[in-house]
Every structure is written in C-alpha cells, then in structure tokens.
Visitor: 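Submitted below is the structure of interest, expressed as structure tokens.
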Protein chains: 2
Amino acid sequence: MIEDYKKFDKSIPCPVRTLMDRIGDKWVVLVISTLGEKGTMRFNQLHEMIGDISQKMLTVTLKKLQEDGLVSRKMYQEIPPRVEYTLTAMGESLLPHITGLEQWAVANMSGIQQSRQQYLSAK
Amino acid sequence: MIEDYKKFDKSIPCPVRTLMDRIGDKWVVLVISTLGEKGTMRFNQLHEMIGDISQKMLTVTLKKLQEDGLVSRKMYQEIPPRVEYTLTAMGESLLPHITGLEQWAVANMSGIQQSRQQYLSAK
DNA sequence: CCGCATCCAGCATGATACTG
DNA sequence: CAGTATCATGCTGGATGCGG
C-alpha cells in the first residue's frame, strides 16, 4: 500500500501535497537557492539575480516563504527603506534537498532534451 | 554572482527552470514516488493509489514523464488492454532526491503549520 | 481497460500605475 | 527602495462523453 504520508485524505493534510504546493513553484526554488548561495539579500538584489520574475511574483513568493517559516524578513526604518531576507534554520535544512535537485537537473539536462527529441520524432 | 546554471538567459534553457516545469507539479512527484515504491504499475493501479487525481491529469502526467525519459510505457496487445509503467534508469536516479524531499516534508510538517498559524495570528 | 477530445470555469500571473 | 492595487488574460485542470 502507498505510504500513509502520501495518501490522499481530505481530513488530514498530506505532507507531500502540502510541500509541493510550495516548492512545486520554480520561483520558490530559485529564491531559496539564491538566498542559500548568497546569504542575506535585499529585495532588489534578489530581483536582479533571478532576472526574470516580476516584482509582484517576488513579493508573493517571499510572503509565502515567510508564512511557512523558511525565510525571515528584517526591515530597517530608513530612508530609503531597506529590507533584508535570510533563510531560517528550517529553510537551511531544506536547502541541501533543493541543491541536490538542481545538481540532478544540470547533470541530466542533456539526457532529458535528447529524450524529448526522440519522443517528438517518433510520432 | 548567481551560478550560471540558474541564471535566466532566453537563448539557453536553464536546467533549474526546465526541471521545475516538470517536478514543479505535485502529480509528477507523486507518480514518480509511487512508481519508485511499487516498481511496475498499471494505469488504474496508479489511479487508485494516488486517490485524488483525475484520469486526465494522470494521462497527461505520464505522457510528460515518458517524453522526458523518466518513465517507460509498455503496452500489451490484449483484450482488455493492459499498460504498464516503470521508472527508467534516469527516473530511478531522480528518485532519491524526491524521497529526500518527502522525508523533509514529513519531518517539518508540524513546524510549517505552526509557523503558518503564528503568521496569521500576528496580523 | 486505457485513453483522447472537447468544453468551460477559475486561478495564477504579467503589465501597469501608484504609495510610504 | 520596497512594495500595493487593479485589471486583463492565458493556462490548468475538472467534467463529460467517445473510441480502440
């Protein structure tokens, strides 16, 4: 039987599905990964680093991560304003899994593309 | 500077973004995870195991996984038809990363829920 | 049994403009 | 600088019915 923790049960939140609602989002992955790499960062630094991502989506993504306790937010009362984001301990503990996934992605990128082309040409 | 392989560049597909377009999908994760656990499975077995997932989404998900070469499909010319799905070698190599993520999810589920409640009550 | 085609509702996201 | 607000929309995914 499928492991209990990944079974669907409307009365109990499934951890796998709950997690995937978050990290099943490329922005979340890129933000965690970038923060893990660079440590503390400001809003616009993240914005520039990631490159493609609208201001809105960065805001939304950071808010979700705060809500889950993966990222902490520190605001300085200055003019102009400064806000810094850092991974929490829980965020740090997730980081190696994200990194592992990224390394797998890099290692298997060509294999995937090859497979896609074969698949297309086969039909 | 952000690592090259996760930089956005419209001329070169970013492995991280490419991967996330796939596993940034809870169905993909659940299918890989379930196949990894049980080995070869038939369409309806998967359907019943996962529980919530429409037939359409299961079909779509399996097709994407085939396309990427993560899952292989074997069809038997019988009446009634029988189709079996199995992880490929590449799929197997991804499995530990998925499993690691799942274990993290189970271990940190309560921490996340706690954080969410604090976040809500703080506003 | 295993899937595909179609229709359609709803949310996620981008663009844009504005604020403390 | 670091967001918020609003609007338009495109794709995701559910429901349904058909086909090999």
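Residue numbering restarts at 1 for every chain, and letters A, B, ... go by the order of the sequence lines.
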Visitor: Between B/Arg82 and B/Gln77, is any pair of side-chain heavy atoms under 4.5 Å apart?
Guide: no
Visitor: Go through C/dC1, C/dG3, D/dG14 for me and flag the one nearest to the B/Arg42 side chain.
Guide: C/dC1
Visitor: Using the rule given for side chain to side chain contact (heavy atoms under 4.5 Å, CB included), can you reason through A/Lys74 versus A/Val83, listing the C-alpha separation, both sets of side-chain angles and the distance that settles it, and then say yes or no?
Guide: CA-CA 6 Å; A/Lys74 189 168 184 184; A/Val83 183; over 6 Å; no
Visitor: Starting from P on C/dC2, measure out to CD on B/Glu48 and report it in whole angstrom.
Guide: 9 Å
Visitor: Categorize A/Tyr76 for me: base, sugar-phosphate, or nothing, with a 4.0 angstrom heavy-atom threshold over every strand shown.
Guide: nothing
Visitor: Which whole-number value in Å describes the distance from B/Lys74 NZ to C/dG3 C1'?
Guide: 20 Å
Visitor: Taking for each residue the nucleotide of DNA chain D bearing the nearest heavy atom, is the 5' side occupied by A/Lys56 or by A/Pro81?
Guide: A/Pro81
Visitor: Under a plain distance cut-off of 3.5 Å, with no hydrogens placed, do A/Thr88 and A/Ser72 share a side-chain donor-acceptor pair?
Guide: no
Visitor: Nearest to the side chain of A/Ser54 - C/dG3, D/dA2, C/dG14?
Guide: C/dG14
Visitor: What nucleic acid atoms does B/Glu78 come within less than 4.0 Å of, heavy atoms only: base, sugar-phosphate, or nothing?
Guide: nothing
Visitor: Can you tell which of C/dC1, D/dG3, C/dT13 lies closest to the side chain of B/Asn44?
Guide: C/dC1
Visitor: Quick one: do the B/Lys6 and A/Ser33 side chains pair a donor with an acceptor below 3.5 Å?
Guide: yes
